[in-house]
Undergrad: 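Pasting a structure here, questions to come.
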2 protein chains.
Amino acid sequence: MDENNKGRQATIPPSMNERPTLKTIAFMTGLGITTVSRALKDAPDIGAETKERVRLVAKQVGYQPNRAGVRLRTGKTNVISLVLSLEEEVMGLTSPMVIGISEILASTPYHLVVTPYSSSKDALVPVRYVLDTGAADGVIISRTEPKDPRVALMMERNFPFVTHGRTDMGLAHPYHDFDNEGFAYEAVKRLVDLGRKRIALLQPPPRLTFHRHMRDGFDRAIRDFGVETIAFNTVDIDNTLVEIRAAFETLMRSPDAPDGIVSGSGAAAIALIAGLETVGKKLNQDIDMVSKVPSDFLSWLRPEVITMNEDIRHAGRELAKAVIGRIAGTPTEELQSLSKAV
Amino acid sequence: MDENNKGRQATIPPSMNERPTLKTIAFMTGLGITTVSRALKDAPDIGAETKERVRLVAKQVGYQPNRAGVRLRTGKTNVISLVLSLEEEVMGLTSPMVIGISEILASTPYHLVVTPYSSSKDALVPVRYVLDTGAADGVIISRTEPKDPRVALMMERNFPFVTHGRTDMGLAHPYHDFDNEGFAYEAVKRLVDLGRKRIALLQPPPRLTFHRHMRDGFDRAIRDFGVETIAFNTVDIDNTLVEIRAAFETLMRSPDAPDGIVSGSGAAAIALIAGLETVGKKLNQDIDMVSKVPSDFLSWLRPEVITMNEDIRHAGRELAKAVIGRIAGTPTEELQSLSKAV
DNA sequence: CAAGGCTACTGTATCGTTACAGATTTCTCA
DNA sequence: TGAGAAATCTGTAACGATACAGTAGCCTTG
């Protein structure tokens with residue numbers, strides 16, 4: 001078309017008004033597009049002075065690589081996908097989580113995409129979607145199960161991911177987890193320190209991995225301190241608050257009501273409090289309670305409850321670092337971490 | 001390269017193992033890539049039977065358009081960007097918001113990307129980023145100000161967006177807002193119904209638009225019901241809980257302590273409760289409180305507080321519908337909505 | 001001083017899609 | 001019957017980036 005169109009890549013001067021591309025820089029520096037591309041990624045076969053010049057111009061014009069271009073050519077999406085359940089959303093745990101992840105991603109080229117699934121039986125759907133469409137470079141999942149099919153799938157495909165919570169499949173993968181074993185042990189200890197001897201646990205659903213952890217810590221403490229376990233298995237922290245309250249009322253009215261209770265979730269603790277107050281019992285008198293909480297609002301309203309804080313924002317940060325590490329090839333052992341209550 | 005390479009687009013049979021593209025379908029149907037592309041978007045110049053055939057094959061092989069390809073060619077990203085503050089995050093409001101948005105986007109080709117900014121003075125940064133890089137097709141922002149520079153910028157560039165909260169710039173744009181005027185009016189009314197006469201308001205920071213709305217509703221009710229306003233302007237709902245408690249303690253100890261208080265935020269209400277209980281006052285006796293809350297946990301622990309629920313998840317849904325509508329060209333008037341407390 | 005090697009740079013093809021400008025065949029109607 | 005319209009279909013180029021396979025010039029080295 002154009003007479004100038006021979007022997008040179010960047011012939012048509014790109015308009016100043018539009019978003020600068022490699023072509024823009026190539027035109028401005030008089031270099032080839034390839035050279036500019038390689039200069040910007042500090043390739044060894046480009047002269048030092050040229051690199052400097054290219055970097056300068058790129059900065060001047062505010063060059064930012066076109067994500068679609070990179071993605072199409074290389075397959076790299078620069079996206080981290082956070083897989084979320086729309087249903088089992090409890091007391092806004094995802095909020096600080098998203099914040100924490102964002103904090104870390106902000107200083108990287110990664111974007112955070114939220115990929116939801118609606119019912120727990122569809123948990124595999126978003127994972128499959130990401131795998132099949134290459135929608136992200138890495139995935140973050142929560143609510144892990146001992147034998148987690150999502151983990152199995154991503155391991156099999158060698159796809160970078162990190163879990164919030166551990167698994168038990170004999171497969172090493174990046175994770176971040178809260179030390180629920182330690183939490184439960186310490187919680188019982190605190191109750192024992194207050195002279196409590198008949199202790200119940202409101203635990204996570206058996207399906208999830210941390211059920212075992214919390215249970216183990218609890219049971220170990222019960223043995224170590226020689227106190228008694230009061231069974232409370234009719235509900236778990238995934239039940240509705242109304243159900244939890246009802247169940248706890250029943251328990252508190254029964255002859256073997258506990259004098260200490262450990263709550264695996266802050267939201268559930270609210271229901272427990274409501275339940276015991278309904279039957280006329282009082283915290284610090286008839287019963288003491290220790291609860292894992294994601295924020296400190298509970299201690300504002302019921303300072304009688306002993307709270308142990310799970311820092312979800314911190315978890316978000318750790319998870320983000322771990323996926324990125326996994327993508328970058330950091331050995332798995334360095335991408336596994338546990339948090340204690342703070 | 002290949003002898004077959006003449007006169008036909010899709011010559012090399014795409015491997016069955018890889019992700020299907022238009023080329024795959026073209027090969028399988030014996031049609032041209034262009035035809036397949038146009039058939040799938042139901043273009044008028046493609047035969048009915050051909051369309052049917054293409055659709056069938058596409059479904060069979062599980063074809064999903066490559067987002068990078070579309071984005072590169074058309075500029076359409078199929079991304080909605082939720083702009084979030086990392087700092088002013090109050091009591092997990094973003095969580096149900098994200099869920100609500102996701103619910104709507106799930107049945108569309110849109111993905112949700114979270115784009116954070118760290119300090120309120122940088123609120124323009126993510127918006128500029130999206131505008132400059134074309135990172136999204138639409139933006140959702142919160143914490144609007146009467147003269148909001150983000151809104152001005154996006155309006156000027158004619159970029160699709162929706163605000164959570166209104167503005168006051170004489171520019172019509174899509175928004176969803178909670179009816180804070182109505183909330184405050186109703187809140188005062190409830191206090192008056194309980195016989196309260198000296199009423200304070202813990203309001204949003206004056207910078208934000210809904211400060212005016214809440215203030216107006218409050219003031220109107222004060223006039224209508226002929227009761228007295230007790231000034232409480234030393235803090236607002238963006239202060240820390242500790243600051244709010246301290247300020248409220250001071251107020252409650254002063255000679256003109258209020259006998260009714262309206263809280264513009266559920267988190268702040270916790271601090272208010274703590275403050276008044278510290279000075280030995282009792283809810284329902286010395287003072288009554290109405291609070292706007294994002295969830296119902298407050299009524300579990302302090303049923304004495306009258307709560308009015310702001311359904312953030314619903315707001316998320318409305319916002320998502322509004323941006324999509326804006327992108328699709330729906331008239332602005334149809335994309336503005338207000339929610340009452342539920 | 002020729003052969004080979006090194007340094008610095010560049011063109012082409014390609015990723016998957018779509019806009020656009022044809023191309024081919026069949027149909028219509030004067 | 002033949003010209004033009006209508007109905008279908010198709011190739012090429014382009015979006016922005018990068019992998020790859022060069023090329024040109026200069027420097028060694030025997």
Side-chain angles (χ1 to χ4, degrees), chain A residues 1-2 5-12 14-15 18-27 29-54 58 61 63-78 109 133-135, chain B residues 1-2 5-12 14-15 18-27 29-54 58 61 63-78 109 133-135:
Chain A
M1 297 176 170
D2 195 310
N5 240 347
K6 36 187 133 148
R8 204 95 188 122
Q9 274 178 310
T11 29
I12 306 154
S15 147
E18 284 165 30
R19 179 165 176 215
T21 69
L22 289 179
K23 198 161 154 185
T24 316
I25 301 174
F27 178 77
T29 55
L31 295 163
I33 293 177
T34 303
T35 311
V36 174
S37 172
R38 297 188 56 66
L40 287 175
K41 37 179 54 64
D42 203 22
D45 63 347
I46 305 292
E49 195 218 355
T50 304
K51 281 181 191 171
E52 207 41 64
R53 227 162 36 101
V54 168
V61 300
Y63 171 73
Q64 296 198 253
N66 180 306
R67 305 188 122 232
V70 175
R71 181 164 170 177
L72 182 56
R73 180 66 237 243
T74 66
K76 176 127 223 249
T77 62
N78 284 306
T133 65
Chain B
M1 297 177 170
D2 195 310
N5 239 347
K6 37 190 134 148
R8 203 100 187 119
Q9 275 176 312
T11 28
I12 305 152
S15 148
E18 283 164 31
R19 181 168 173 208
T21 68
L22 289 180
K23 199 160 152 185
T24 316
I25 302 174
F27 178 76
T29 55
L31 295 163
I33 293 178
T34 304
T35 311
V36 174
S37 172
R38 297 188 57 64
L40 287 174
K41 36 179 57 65
D42 202 22
D45 64 347
I46 306 292
E49 195 219 355
T50 303
K51 282 182 192 170
E52 207 41 65
R53 223 156 46 92
V54 169
V61 300
Y63 170 74
Q64 296 197 252
N66 180 306
R67 308 189 120 230
V70 175
R71 179 163 170 178
L72 181 57
R73 181 66 240 242
T74 66
K76 176 126 222 246
T77 62
N78 284 307
T133 65

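Convention: sequence-line order gives letters A, B, ...; per-chain numbering from 1.
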Undergrad: Hey, which of these two, Leu72(B) or Ala48(B), hits DNA chain D nearer its 5' end, going by closest nucleotide?
TA: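 So the residue in question is Ala48(B).
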Undergrad: Output the rounded distance in Å from CD (Glu18(A)) to C1' (dC15(D)).
TA: 12 Å
Undergrad: How long is the straight-line distance from OH of Tyr63(B) back to OG1 of Thr24(B), given to the nearest 0.5 Å?
TA: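 Here the rounded value is 9.0 Å.
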Undergrad: Using a heavy-atom cut-off of under 4.0 Å over every strand shown, decide if Pro65(A) touches base, sugar-phosphate, or nothing.
TA: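 Pro65(A): backbone/sugar contact only, no base atoms under 4.0 Å.
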Undergrad: Whole-Å distance between dA8(C) P and Asp42(A) CG?
TA: 13 Å
Undergrad: Is any side-chain N or O of Arg73(B) under 3.5 Å from a base N or O of dT18(C), one able to act as donor and the other as acceptor?
TA: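 Indeed there is one.
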Undergrad: Would you say a side-chain N or O of Ser37(A) is under 4.0 Å from OP1 or OP2 of dA17(D)?
TA: no
Undergrad: If you look at every strand shown and take non-hydrogen atoms under 4.0 Å, does Asp45(B) touch a base, only sugar-phosphate, or nothing?
TA: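 If one applies the 4.0 Å heavy-atom cut-off, Asp45(B) turns out to touch a base.
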Undergrad: How many whole angstroms separate atom CD1 of Ile33(B) from atom C1' of dA21(C)?
TA: 17 Å
Undergrad: Expressed in angstrom and rounded to an integer, what is the separation of Asn78(B) atom CG from dT17(C) atom P?
TA: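 To the nearest whole Å, that distance equals 13 Å.
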Undergrad: Quick one: Leu22(A) CG to dA19(D) P, roughly how many Å, whole number?
TA: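 It is 12 Å, rounded to the nearest whole Å.
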Undergrad: Any sub-3.5 Å donor-acceptor pair from Lys51(B)'s side-chain atoms to Ala43(B)'s backbone N or O?
TA: yes
Undergrad: Is any side-chain heavy atom of Thr34(B) closer than 4.5 Å to one of Leu22(B)?
TA: no
Undergrad: Report the residue (Thr50(B) or Thr74(B)) whose heavy-atom-nearest nucleotide on DNA chain D is the more 5′ of the two.
TA: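 Its nearest nucleotide lies further toward 5', so the answer is Thr50(B).
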Undergrad: What is the distance, rounded to the nearest whole Å, between atom CG of Leu40(B) and atom P of dT10(D)?
TA: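 Atom CG in Leu40(B) sits about 14 Å away from atom P in dT10(D).
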Undergrad: Name the closest nucleotide to the Arg38(B) side chain, picking from dT10(D), dT17(C), dC9(C).
TA: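 Nearest nucleotide to the side chain: dT10(D).
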Undergrad: Measure from CD1 on Ile25(A) to P on dG16(D) and round the result to the nearest Å.
TA: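 Result: 13 Å.
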Undergrad: Report the nucleotide, chosen from dT17(C), dG16(D), dC9(C), that has the shortest atom-to-atom distance to any side-chain atom of Asn66(A).
TA: dG16(D)
Undergrad: Please tell me if Lys41(B) has a side-chain N or O lying less than 4.0 Å from either OP1 or OP2 of dT18(C).
TA: yes
Undergrad: Salt bridge (charged side-chain N to carboxylate O under 4.0 Å, His left out) with Arg53(A): which residues, sequence neighbours excluded?
TA: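 Partners of Arg53(A) under the salt bridge (charged side-chain N to carboxylate O under 4.0 Å, His left out) test: none.
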Undergrad: For the backbone of Gly69(B) and the side chain of Arg71(A), can you confirm whether one donor and one acceptor N or O come within less than 3.5 Å of each other?
TA: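 Such a contact is absent between Arg71(A) side chain and Gly69(B) backbone.
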Undergrad: Measure from CZ on Arg19(B) to C1' on dC15(C) and round the result to the nearest Å.
TA: 12 Å
Undergrad: Of the candidate nucleotides dG16(C), dT18(D), dC9(C), which contains the atom at the shortest distance from the side chain of Thr35(A)?
TA: dC9(C)
Undergrad: Looking at Thr34(A), does any N or O in its side chain come under 4.0 Å of the phosphate oxygens OP1/OP2 on dC9(C)?
TA: no
